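Below: one structure, written as structure tokens.
Keep in mind that what you see is a predicted model, and the values were worked out from it rather than measured.
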Amino acid sequence: MQCAFCHKPFTPQRVTQMYCSRKCCKAAYYNREWTRDEYPSPKAIRYFNCQWCGRGVNVYDTSDPRQKFCSGKCYLRAKEHRKAIRRRKLRADNLGMSGGMSLASLIRRERRDLD
């Protein structure tokens with residue numbers, strides 16, 4: 001068989017092998033002229049704005065599960081933000097009569113006041 005780039009004869013290792021070496025394969029790839037007609041841009045399946053950063057996201061692949069966030073980083077930031085809000089809310093709800101003191105602190109205060 002003849003190499004598709006340098007035209008030297010070679011024996012292929014695989015049935016689909018077109019080039020005699022990795023060097024010829026890379027050289028052929030970089031010397032190739034790309035046209036827009038050969039590789040048309042794919043159509044977006046859906047579009048959404050990231051709920052954390054607001055960036056617009058086009059989804060091209062059906063196996064892409066993203067629907068709310070553009071990346072894992074935005075997802076984790078939003079998750080941490082929700083957890084912080086929940087902690088603040090719980091802390092604010094648990095103030096009660098003690099003013100946010102723990103039970104151990106209340107017992108120590110009462111013992112101190114009794115002495």
For Arg55, does the CZ atom have more than 12 heavy-atom neighbours from other residues, nucleotides or ligands under 6.0 Å away?
no

Counting only pairs under 3.5 Å, give me each side-chain donor-acceptor contact of residues 70-79, with atom names and distances, residues two or more places apart or in other chains.
residue, atom, partner, partner atom, Å
Ser71, OG, Lys73, N, 3.4
Ser71, OG, Cys74, N, 3.3

If you take all heavy atoms of [X] and [Y], which pair is closest and at what distance?
{"X": "Gln51", "Y": "Phe69", "answer": "CB-CE2, 3.9 Å"}
{"X": "Arg46", "Y": "Asp64", "answer": "NH2-O, 2.7 Å"}
{"X": "Ile45", "Y": "Tyr60", "answer": "CD1-O, 3.2 Å"}
{"X": "Asn49", "Y": "Gly56", "answer": "OD1-CA, 3.4 Å"}

Can you measure from CG (Asp61) to CZ (Arg66) and round to the nearest 0.5 angstrom?
10.0 Å

Would you tabulate the side-chain donor-acceptor contacts of residues 2-17 under 3.5 Å, counting partners in other chains and residues two or more places apart, or write 'none'?
residue, atom, partner, partner atom, Å
Gln2, NE2, His7, O, 3.0
Gln17, OE1, Gln13, N, 2.6
Gln17, NE2, Tyr19, O, 3.0

Is any side-chain heavy atom of Asn58 less than 4.5 Å from a side-chain heavy atom of Phe48?
no

